[in-house]
Amino acid sequence: MAMLEILLALLPALAAPAVQDAEREALRENHEGLFVEERLLNNGLRVVVAPRAGVPVVACRVVVRGGAAADAPYPPGFQELLVRVMDKGSDRLGVRDFEKERALARRVDDIEDALALVRAEAKSQFRRGDGPDPDDPVAQPPALAKLRDGLTAVADLHRRELIPDELRSLYSRAGARRLRRLVSADASLLEVTLPAQRLELFFAMESERLQRAVVRDLAGERDRLREERLAEEARFSTLRAEEALRAMLWGNHPYGAPAPGAMALDDVTRADLEQARERAIHPQNVIFVLTGDVTSEAAFELANRYLGSWKSAPRSEPPGPRTGPVVGPRRLEAAADGTPRIVLLWPTPPAGHRDEAALAALSRGAGGEDGSLIRALRYARTNPTTVKSTFAPARFGGTFRLEIGARRNEDLPALEQALLGAIRAGDAAEISDESVARLRTIALHAHFDRLSSVETAADALAQAESCGSWRDLASFPSRIAALSAADLQRVMRETLTPDRRCMLVLRSTRETTLPAAASRPAAAATNSFPAVPASIPASAPAPDPASMPASGPASAPAPAPDSGASSKPASRPADEK
């Protein structure tokens, strides 16, 4: 454990700030069994603690607001790239000789600047037909090839001065588990669970990373990001179709951007990342969340010691990105090597909205083997393989998603008609008190299940903080208890409407012979649905209205009081052990 002792000795024990003002004292609140204490440090950093005695671990989360939605004006994946390069260490960790490493890093920057100029000129010549394609590894211009060879040589020398993954190694030697960093639609997060006696190491490590991080191995991380994207495309053949559907729903909003690695980040420089770090990584934009065997007094004292002197940098928060309204229902057809399915998406209000509880309850009640939607589809004499319903609120607007699986491509047209008919029937039906009680029970069960363990409770609190506040999570049971049939019906008729709906009909390429009706060109988008009867065909019995309170709705770049994971693929772990 010598390395751990050295690390702790490197960081000066800073005096705790002066006594907090009365309004900044810890807020102790007990909401429906969720006991939370919160303190705001003098520099603006917030610490949220949910003690759970008797569990000898602490689940630690660091939330930095501004995830994939903050990529602009850079290409999608910029924030994930920033998280990765910040994980390489500081001027004291992850490096053998910092001065030598810094000099080599400057040489790398100089060559990359020259490379960008030569590449831009070569690209211009290529478009005019006066030269080879600079992106062709075989026929690229000699000047460009020479610079790239030089960059490779200097980058190799630079890597020799680094100690790979030293931060991760220190965490691992301290007994850390589930160590990962990820980027969601609204935040970048660190997740790690440590033995309770190693809590000080967590604050020491994160103080070093947040305050003294050095951007390193930019070229290597860019390459790895692109390689992971290609591997994902090979593994998940439906990835591009899902991204096209999301783009159709969100338009030019960042939530509709493709996953990291889909677009080149070659033009992103070290200076760009340093500027983004200074802009995003400051105390007012960071929240520490702790659950487990930790007292609030110990957590607040360590936060003051290691992060209390971190200089605040007040900045006015820029307005959030806006999305254009979805005008009319939209439909997309595609083919991929997967099971046939139909996916419906609706945009929903942002996290914390008054309708959040109703949307969460509707999504929980519609999906699954016992959900109201699958029963309605079976009444219509269709036989879906699966029915999934999820709702994922986010900071600037959530997503309500329905996914219905089919056995064969030939089943998709009938399943689509039955699905739309079931939704219309659910919208028109009156919701009984019994159905409301059922939805409340299902939603509350899912909520308390999320809070049942130290790690899942920490995840839920961190997700809530990334797009709103932990109070949204804490007040969820009371909001569910207040739900009425009128609330559910209003949300179904105002939010989950046909003119806001986007649909993906995904055919499987595994079938060698497709019927003519199902063999239209892939990715053919239309602005309106094909003719669908006003009700389910007479040959099939109509859905039972009493079973349909949740079938109209069903449940994406996030954290909901009871929702599942974000539907934004960009929100995958940036680096997971």
Side-chain angles (χ1 to χ4, degrees), residues 32 344 346 348-349 353-384 386-391 393 398 400-404 415 417-450 475-501 532-538 540-555 560-564:
E32 309 289 346
L344 299 180
W346 286 267
T348 65
H353 191 272
R354 65 168 184 158
D355 293 339
E356 188 174 68
L359 289 163
L362 288 167
S363 72
R364 292 291 180 182
E369 282 299 314
D370 297 325
S372 58
L373 185 57
I374 197 168
R375 294 199 305 270
L377 292 175
R378 285 172 178 165
Y379 289 147
R381 296 183 181 177
T382 59
N383 196 16
T386 57
V387 173
K388 298 178 182 178
S389 175
T390 54
F391 165 57
F400 197 94
R401 176 187 175 101
L402 277 178
E403 180 179 324
I404 298 88
L415 189 60
Q417 289 190 356
L419 173 62
L420 297 179
I423 291 174
R424 285 193 299 272
D427 289 343
E430 293 297 326
I431 300 178
S432 66
D433 292 340
E434 181 182 354
S435 296
V436 175
R438 172 179 172 270
L439 291 180
R440 287 175 182 163
T441 301
I442 294 172
L444 286 174
H445 181 275
H447 170 76
F448 287 114
D449 187 57
R450 292 186 75 199
S475 64
F476 185 73
S478 59
R479 287 187 285 158
I480 284 292
L483 276 181
S484 66
D487 294 328
L488 297 170
Q489 202 78 63
R490 177 181 54 78
V491 170
M492 293 170 65
R493 290 171 178 168
E494 292 180 0
T495 301
L496 306 174
T497 59
D499 62 334
R500 295 167 58 84
R501 180 178 63 217
V532 177
S535 61
I536 295 177
D544 180 5
S547 69
M548 292 303 300
S551 62
S555 105
D562 89 311
S563 68

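- Between A443 and R364, the closest heavy-atom pair is CA-CG, 4.4 Å.
- Between I442 and G365 the shortest heavy-atom distance is CD1-CA, 4.3 Å.
- Between A361 and L439, the closest heavy-atom pair is O-CD2, 3.6 Å.
- Contact record, A357 with R479: CB-CB, 3.9 Å, taken as the closest heavy-atom pair.
- Residues that satisfy the salt bridge (charged side-chain N to carboxylate O under 4.0 Å, His left out) test with D487, not counting sequence neighbours, are absent from this structure.
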* Trace of the side-chain contact (heavy atoms from CB on, under 4.5 Å) decision for I423 with L402 -> CA-CA 11 Å; I423 291 174; L402 277 178; 4.2 Å; yes
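- Taking both residues in full, the closest heavy atoms of R500 and E494 are given as CD-O, 4.1 Å, listed atom of the first, atom of the second, then distance.
- Taking T441 as the reference, nothing meets the side-chain hydrogen bond (donor to acceptor under 3.5 Å, both in side chains) condition, with sequence neighbours excluded.
- Taking CD1 from I431 and CD from Q489, the interatomic distance works out to 4.0 Å, rounded to the nearest 0.5 Å.
- With contacts defined as side-chain heavy-atom distances shorter than 4.5 Å, the pair I480/H447 does not qualify.
- Put simply, the side chain of L359 does not reach to within 4.5 Å of the side chain of H353, judged on heavy atoms.
- Proximity of T382 to I404: side-chain heavy atoms (C-beta onward) are nowhere separated by under 4.5 Å.
- Across every non-hydrogen atom of S389 and S363, the tightest pair is OG-O, 3.0 Å.
- From T386, atom OG1 reaches atom CD1 of I374 across 7.5 Å, with rounding to the nearest 0.5 Å.
- At least one side-chain heavy atom of L483 sits under 4.5 Å from a side-chain heavy atom of L488.
- You'll find the side chain of V387 stays beyond 4.5 Å of the side chain of E403, heavy atoms only.
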* To do: Begin with the C-alpha distance, continue with both residues' side-chain angles, and end with the deciding distance and a verdict on side-chain contact (heavy atoms from CB on, under 4.5 Å) for D355 and T348.
  => CA-CA 9 Å; D355 293 339; T348 65; over 6 Å; no
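- Side-chain contact between P477 and L444: present, with at least one pair of heavy atoms (C-beta onward) separated by less than 4.5 Å.
- Neither side chain, S478 nor S475, offers a donor N or O lying under 3.5 Å from an acceptor on the other.
- With values rounded to the nearest 0.5 angstrom, Q417 atom CD is found 8.5 Å from L420 atom CG.
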